[in-house]
Amino acid sequence: MQSNSDLASLFTTIADILDIRGENVFRVRAYRNAARTIEGLSEPIHELLARDPAVLDQLPGIGKGLHDKILEYCQHGALSEYAALKASVPPGLLAMLDLPALGPKRVKLLYDTLGIDSIDALEQAAATGRVRALPGMGEKTEAKVLHGIREYKTLHTERMPWSRAKLILDAYLAHLRGVPGVQQLAAAGSYRRGRETVGDLDILVTTHGDARPIIQAFVNYPNVAEVLAQGDTKASVIVQEKIQTDLRVVDNASFGAALQYFTGSKEHNVAIRARAKATGLKVSEYGVFRDETSIAGATEEEVYAALDLAWIPPELREQRGEIEAAADGTLPVLVTRADLQGDLHVHTKYSDGTASMAAMARAAQARGYAYVAITDHSKSVTVAHGLDETAVLRQLDELARVRAEVPGIRILSGIEVDVLRDGTLDLADDVLAQLDFVIATVHFHLELDAAAMTRRIVRALQHPAVRCLAHPTGRRAGTRAPFALDFTAMVAAARAHHVLLEINAAPERLDLDETHAGQARRAGVPLVINTDAHTLAEFDNIDNGLNSARRAWCGAADIANTWPIDRLLTWKTSAT
DNA sequence: GCCGTTTTCGGCCCGACTGTTTTCAGTCG
């Protein structure tokens, strides 16, 4: 059975083909919107349809035509009209759309006049000066295309993890903060929305006076590898880390409007501007206007208020119902770092961590936490020097001394116990029963089929000692897909047995992801955001997990490590 | 192809930058 992303990419391809064919741009947009909607669903669309055939009627941007196409795709795994559509445009043209300076119009022009139907053919034409001869093209465009082809062939730019983007942005902002004339300064874009990965970096600056010296300082930043564009109010560069960075300069009266605009998402902005237009207003990056008069713009709050909307947290701005919720006053109050009272998954020198229990406890205390759980690996994880029963009891003894040594923070005894192939646990029940916080984890035998994996995990969730399931789907951000699993069944078991599901904040994991976290939240299963810290510094990875939780619309009540310690510890035994 | 606080037809976000152009089309975000 095909996945949502297969259907989404089919719609995207159709949109690209229609674009090149010069069809109605709004029809093209309809396909792109539908692709996005489908991509954002938390469950496979054929399962949603099986449960509720009317589900498509509630999805925004899906009307009669796309409705029928989705049904056809779910029933037959293909669209009958797609073959003819695909045959109408050479496949190489679609790849050409990804090159800079080339959109549907120019790709079509290249094909119609020069017969260019692939990136290789284009490279040859550009290298021999045939591209510049076309109307509307010239030497510079030709050079830009050629340059783009070489980039495309050598680096193949990928999206960057949020945590890496943060390092680059923090340094860039620090550089700009010292530039004369700079007043307000903010990072925007998908970074501000807390997306797991970001495709480019966006910086907004305000000034009273002339923007050009600020633009100049931006492009002269030593870390800039290439200047792509430079105008009076904006500029684009590529930095050494191979990611595009855009700067926009406006004056203070427009700061909120520009921040709103520059934060996106694009789809959110389109919907916001359409809403404004319906009430006779116009929204741009300069403000909210009635006729020619600005009625809002200095802050984001007043921009949203001018549209009768509550301020919407950036993480929700994905056109997934946040505008309706803002209009109804039903936006969630999202969990913040200040709400967190503890970290419930950390390692020490007892297994594969680098610090002592006392050092980890002090580090947690320094973050303002009230509690921390020490959760080293169990014995079957031999590469991490996992603990056997004897070692667990020895650690428990030492912990009594560490508690006296580090007062002022509640240190929970715990373990990250492996779930064996058959769903039993890696340590004896009488030892597990002595620990405050037992986390179950799947590390091995990831190759099981969905039925076996689901049985295995559900069995572990039924164990009376288990309070939390760590990195529940086994995904690794950007590198490994979740293992085969009936996620809905797992969530139901977690709910029944009062087991917390983890949002693992380690940047290489981010498991659960925002989509699964949202599904667990809607099912009423409390989540827990843990760093899985193996070093003192890794406590700071918590922001990655907070991003996922906030993008899953989680409030503090949905996150168990915002709870007071008593509630946390009695949650398991309150299961019915 | 979608959709309705003006609409079931006729709209569909808005503006900057570039390059190639003497007024604008195409691309981009």
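Naming convention: chains lettered A, B, ... in sequence-line order (proteins, then strands); numbering from 1 in each chain.
In this structure, A:Glu267 places its CD atom 14 Å from C1' of B:dC28, rounding to the nearest Å. Taking atom OH of A:Tyr31 as the reference point, atom C1' of B:dG1 lies 7 Å away to the nearest angstrom. Remark: C1' of B:dC2 and CZ of A:Arg32 are 16 Å apart, rounded to the nearest angstrom. Between the CD atom of A:Glu23 and the P atom of B:dC2 there is a distance of 15 Å, given to the nearest Å. One interatomic measurement links the two molecules: CD1 of A:Ile20 to C1' of B:dG26, which rounds to 15 Å at whole-angstrom precision. Here the P atom of nucleotide B:dC3 and the CG atom of A:Leu59 are 10 Å apart, to the nearest Å. One can place CD1 of A:Ile203 at 16 Å from P of B:dG29, the figure rounded to the nearest angstrom. When rounded to the nearest whole Å, the span between CG of A:Leu66 and P of B:dC3 equals 9 Å.
B:dG26 and B:dT20 are spaced 11 Å apart, taking the C1' atom of each and rounding to whole Å. The C1' atoms of B:dG10 and B:dT6 are separated by 12 Å, rounded to the nearest whole Å. Rounded to a whole angstrom, the distance from the C1' atom of B:dT5 to that of B:dG11 is 16 Å. Distance check on atom P: B:dT23 versus B:dG29 gives 29 Å, rounded to whole Å. Comparing B:dA16 with B:dG1, their C1' atoms are spaced 29 Å from each other, to the whole Å. Of the C1' atoms belonging to B:dC13 and B:dC28, the separation is 14 Å, rounded to the nearest Å. When the P atom is compared between B:dC17 and B:dC12, the two are found 24 Å apart, to the nearest whole Å. Look at the P atom in both B:dT21 and B:dG15: the space between them is 27 Å, to the nearest Å.
Screening residues 54-65 of chain A for side chain to side chain donor-acceptor pair (under 3.5 Å) gives A:Lys64-A:Asp68 as the qualifying pairs, with residues at least two apart or on separate chains.
Distances shown here put every side-chain N or O of A:Lys64 at or beyond 4.0 Å from the OP1 or OP2 atom of B:dC3.
Between the side chains of A:Glu315 and A:Asn547, no donor-acceptor pair of N or O atoms lies under 3.5 Å. Between the side chains of A:Asp6 and A:Ser3, at least one donor-acceptor pair of N or O atoms lies under 3.5 Å.
For A:Pro100 and A:Ala278, each mapped to the nucleotide of DNA chain B holding its nearest heavy atom, the one lying further toward the 5' end belongs to A:Ala278. Taking the nucleotide of DNA chain B with the nearest heavy atom to each of A:Ile62 and A:Pro104, the more 5' of the two is matched to A:Ile62.
In this structure, B:dT8 forms no base pair with any nucleotide, since neither Watson-Crick nor G-U wobble geometry is met with both distances under 3.5 Å.
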**Request:** Dump the intermediate steps for side-chain hydrogen bond (donor to acceptor under 3.5 Å, both in side chains) on A:Asp339 and A:Thr336, then the final yes or no.
**Result:** CA-CA 5 Å; A:Asp339 292 324; A:Thr336 67; 3.2 Å; yes
**Worked check of ring-ring contact (aromatic ring centres under 6.0 Å, His included) between A:Tyr172 and A:Phe218** = CA-CA 8 Å; A:Tyr172 220 145; A:Phe218 175 77; 5.0 Å; yes
**Item:** Chi angles and distances behind the side-chain hydrogen bond (donor to acceptor under 3.5 Å, both in side chains) call for A:Asn269, A:Gln260
**Value:** CA-CA 8 Å; A:Asn269 285 352; A:Gln260 195 283 325; 3.1 Å; yes
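A:Ile272 comes within 4.0 angstrom of no nucleic acid atom, judged by non-hydrogen atoms across all strands. Backbone-only engagement by A:Lys69 is indicated by non-hydrogen atom pairs under 4.0 Å involving sugar-phosphate atoms exclusively.
Remark: A:Tyr191 OH to A:Ile168 CD1 distance equals 11.0 Å, nearest 0.5 Å.
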**Request:** Classify every nucleotide of nucleotides 12-20 of chain B by which part a protein heavy atom approaches to under 4.0 Å, writing B for the base, S for the sugar-phosphate alone and - for neither, in 5'-to-3' order.
**Result:** BBBSSSSSS
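Note on A:Asp540 versus A:Lys166: no salt bridge recorded, every NZ/NE/NH1/NH2 to OD/OE distance being 4.0 Å or above.
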